[in-house]
Every structure is written in structure tokens, then in C-alpha cells.
Amino acid sequence: MSNAIKEGRLDPVFFRRDVLEVAPELLGKFLVRKFDNGRFVKHLITEVEAYRGEEDLACHASKGKTPRTSVMYEPGGVLYIYLIYGMYWMMNVVTGPEDHPQAVLIRGIEGYDGPGKLTRHLKIDKTFNNEDLSTSPRIWIEDAGLRPEYTTLPRIGVDYAGEYWKNVPWRYMIRL
DNA sequence: GGGACGATTGAA
DNA sequence: TCAATCGTCCCA
């Protein structure tokens with residue numbers, strides 16, 4: 001394993017905690033993407049949402065373990081990627097221990113607000129599903145030495161999940 | 001096999 | 001306000 005792979009990366013232990021701990025701590029971390037041509041970019045994470053377990057009716061795992069959702073049952077530290085509205089890839093970081101389906105949706109990074117916009121910019125697609133953030137040569141997350149203040153809000157686009165689950169304040173935004 | 005729908009975005 | 005666009009899930 002090269003130094004480039006280890007340097008600065010968050011340890012898998014970071015991700016194998018409850019999603020409600022991990023999600024706010026991802027704010028102010030660097031999302032790093034290395035492209036095929038060797039160029040790489042770093043963006044601070046500015047907005048995330050937590051999805052927590054089969055009981056969370058807004059979480060895809062609320063329908064149980066399927067081919068699509070099985071990656072959320074992995075130990076934390078891998079990516080869950082899916083297509084929405086036929087056009088946009090959503091990037092999620094799986095958290096928690098094995099068999100606790102949880103994930104953090106990355107909704108915004110510095111310069112690219114919106115989950116569909118940032119994946120388009122970073123050229124993230126389905127080939128990143130199940131990608132391991134601790135070993136991948138093309139995407140990882142680094143500590144930036146920041147612990148920004150943040151605001152919590154209800155999650156976006158989950159009105160179908162019922163009064164309780166659509167209102168839990170599991171959307172986290174860096175305070176401007 | 002068919003149909004409904006979605007953790008979105010951008011344009012009218 | 002609404003179309004684009006397709007993988008996934010549910011029902012038959």
C-alpha cells in the first residue's frame with residue numbers, strides 16, 4: 001500500500017458509529033476525488049442528511065435488504081450509489097456496524113450545492129457503488145482540521161415517509 | 001410483463 | 001409548474 005493511499009484518510013472506525021454521530025462530523029471534512037488523468041480535487045463537505053435503519057421510513061432500507069440496498073448493510077466506510085429520477089447519481093456514505101443499514105447522503109460540497117450537481121462534477125456513477133473509502137485510489141475523505149458550527153433541518157424530498165420521519169431534523173448544514 | 005414512482009434539476 | 005429519464009419495486 002502506497003503512502004498516497006493512507007495519508008490523511010479517515011479511518012474505517014470513524015464510519016462504524018451511529019449515523020447520527022457521523023453525519024454532522026462529516027461537515028467540514030474534505031471529499032477528495034482523483035480522476036483517471038491523475039488530476040484530483042478536494043472540496044469541503046457543506047451539507048448532509050442521515051438515513052437510519054429499517055424503521056426510518058425515508059431510508060431505502062425500510063423496504064428491507066434487496067439487491068439495491070444490500071450495500072447499506074455492510075460495515076461503515078463504503079459508498080452507496082443510486083440513480084434518482086433517471087438522471088442523477090446520489091452519493092451516500094454507509095455508516096454503523098454490519099447489519100445496521102444506515103447512510104449519509106452528501107447533499108452539498110463547497111462550490112456545488114445539490115446532490116445531483118456534485119456527483120456530476122465529481123464524475124460519480126454506479127461503478128462507485130460499494131467503493132471502500134479506506135482503500136479506493138479514486139475517492140476518499142480526509143480530516144481538514146475543522147469542526148464547523150452547523151444547523152439542523154428536516155430532510156428534503158421525503159414527504160411520503162409520514163409525519164414523524166419527514167420531520168426529524170436529520171439534515172445538517174454548515175452555518176454560514 | 002406492466003406500471004408507478006423517486007433522497008433532483010433546470011427551464012418555462 | 002413541469003418535463004426529463006430509468007432503475008427498482010410491487011403486483012399480476
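Naming: A, B, ... by sequence-line order, numbering from 1 per chain. From a predicted model like this one, the values you see are computed outputs, not experimental measurements.
- In this structure, the NE2 atom of A/H121 is 18 Å from the C1' atom of B/dT8, given to the nearest Å.
- Dashed line: the shortest gap from a side-chain N or O of A/K117 to OP1 or OP2 of B/dG10 is under 4.0 Å.
- Between A/T66 and C/dT8, a side-chain N or O to OP1/OP2 separation shorter than 4.0 Å is absent.
- Residue-level contact check: A/I156 touches the backbone only, with heavy atoms under 4.0 Å from sugar-phosphate atoms and none from bases.
- A straight line from NZ of A/K63 to C1' of B/dA4 spans 11 Å, rounded to a whole angstrom.
- Using a 4.0 Å heavy-atom criterion, one finds that A/R155 contacts no nucleic acid atom at all.
- Remark: A/D56 engages A/R155 in a salt bridge, criterion side-chain N to carboxylate O under 4.0 Å.
- When rounded to the nearest whole Å, the span between CG of A/L83 and P of C/dT8 equals 8 Å.
- Following rounding to the nearest Å, A/Y85 (OH) and C/dC9 (P) show an atom-to-atom distance of 16 Å.
- Between A/L57 atom CG and B/dG6 atom P the separation is 14 Å, expressed in whole Å.
- Side chain of A/T69 to backbone of A/A61: no donor-acceptor contact under 3.5 angstrom is found.
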Secondary structure of DNA chain B in dot-bracket form (Watson-Crick or G-U wobble, distances below 3.5 Å, | marking inter-strand pairs)
||||||.||||.

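- Contact check, A/Y160 against B/dA7: a side-chain N or O comes under 4.0 Å of OP1 or OP2.
- Under 4.0 Å is where a charged nitrogen must lie from a carboxylate oxygen, and between A/E142 and A/K42 at least one such pair does.
- When heavy atoms are screened at a 4.0 angstrom cut-off, A/M90 is found touching the sugar-phosphate backbone but no base atom.
- Taking atom CD1 on A/I84 and atom C1' on C/dG7, their separation rounds to 9 Å, with Å as the unit.
- Interatomic distance, CG of A/L118 versus OG1 of A/T46, reported as 8.5 Å (0.5 Å rounding).
- Going from atom CE of A/M87 over to atom P of C/dT5 covers 6 Å, rounded to whole Å.
- Considering only the side chain of A/V158, B/dA7 comes nearest among B/dA7, C/dC9, B/dT8.
- Between A/D113 atom CG and B/dG10 atom P the separation is 11 Å, expressed in whole Å.
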Would you give me the side-chain donor-acceptor pairs under 3.5 Å for residues 72-85 of chain A, sequence neighbours excluded?
| residue | atom | partner | partner atom | Å |
| --- | --- | --- | --- | --- |
| A/Y73 | OH | A/E54 | OE2 | 2.5 |
| A/Y73 | OH | A/K65 | N | 3.3 |
| A/Y80 | OH | A/H60 | ND1 | 2.6 |

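- Taking the 5.5 Å centre cut-off and the 30° plane limit, the aromatic side chain of A/Y51 is classed as stacked on B/dA7.
- Within 4.0 Å of A/K126, counting heavy atoms only, lies no atom of the nucleic acid at all.
- Both the sub-6.0 Å distance and the 45° axial angle are not jointly satisfied by A/R33 relative to the ring of A/F128.
- Between the side chains of A/T95 and A/Q102, a donor-acceptor pair is found at a separation under 3.5 Å.
- For C/dT8, neither phosphate oxygen OP1 nor OP2 lies less than 4.0 angstrom from any side-chain nitrogen or oxygen of A/H60.
- Side-chain nitrogen and oxygen atoms of A/R120 include at least one within less than 4.0 Å of the OP1 or OP2 phosphate oxygen of B/dG10.
- Closest to the side chain of A/P115, out of C/dT5, B/dT9, C/dC9, is B/dT9.
- Using a distance-only test at 3.5 Å, with no hydrogens or angles considered, no donor-acceptor pair links the side chain of A/E49 to the main chain of A/R107.
- Considering only side-chain N and O atoms, A/R107 lies under 4.0 angstrom from the phosphate OP1 or OP2 of B/dT8.
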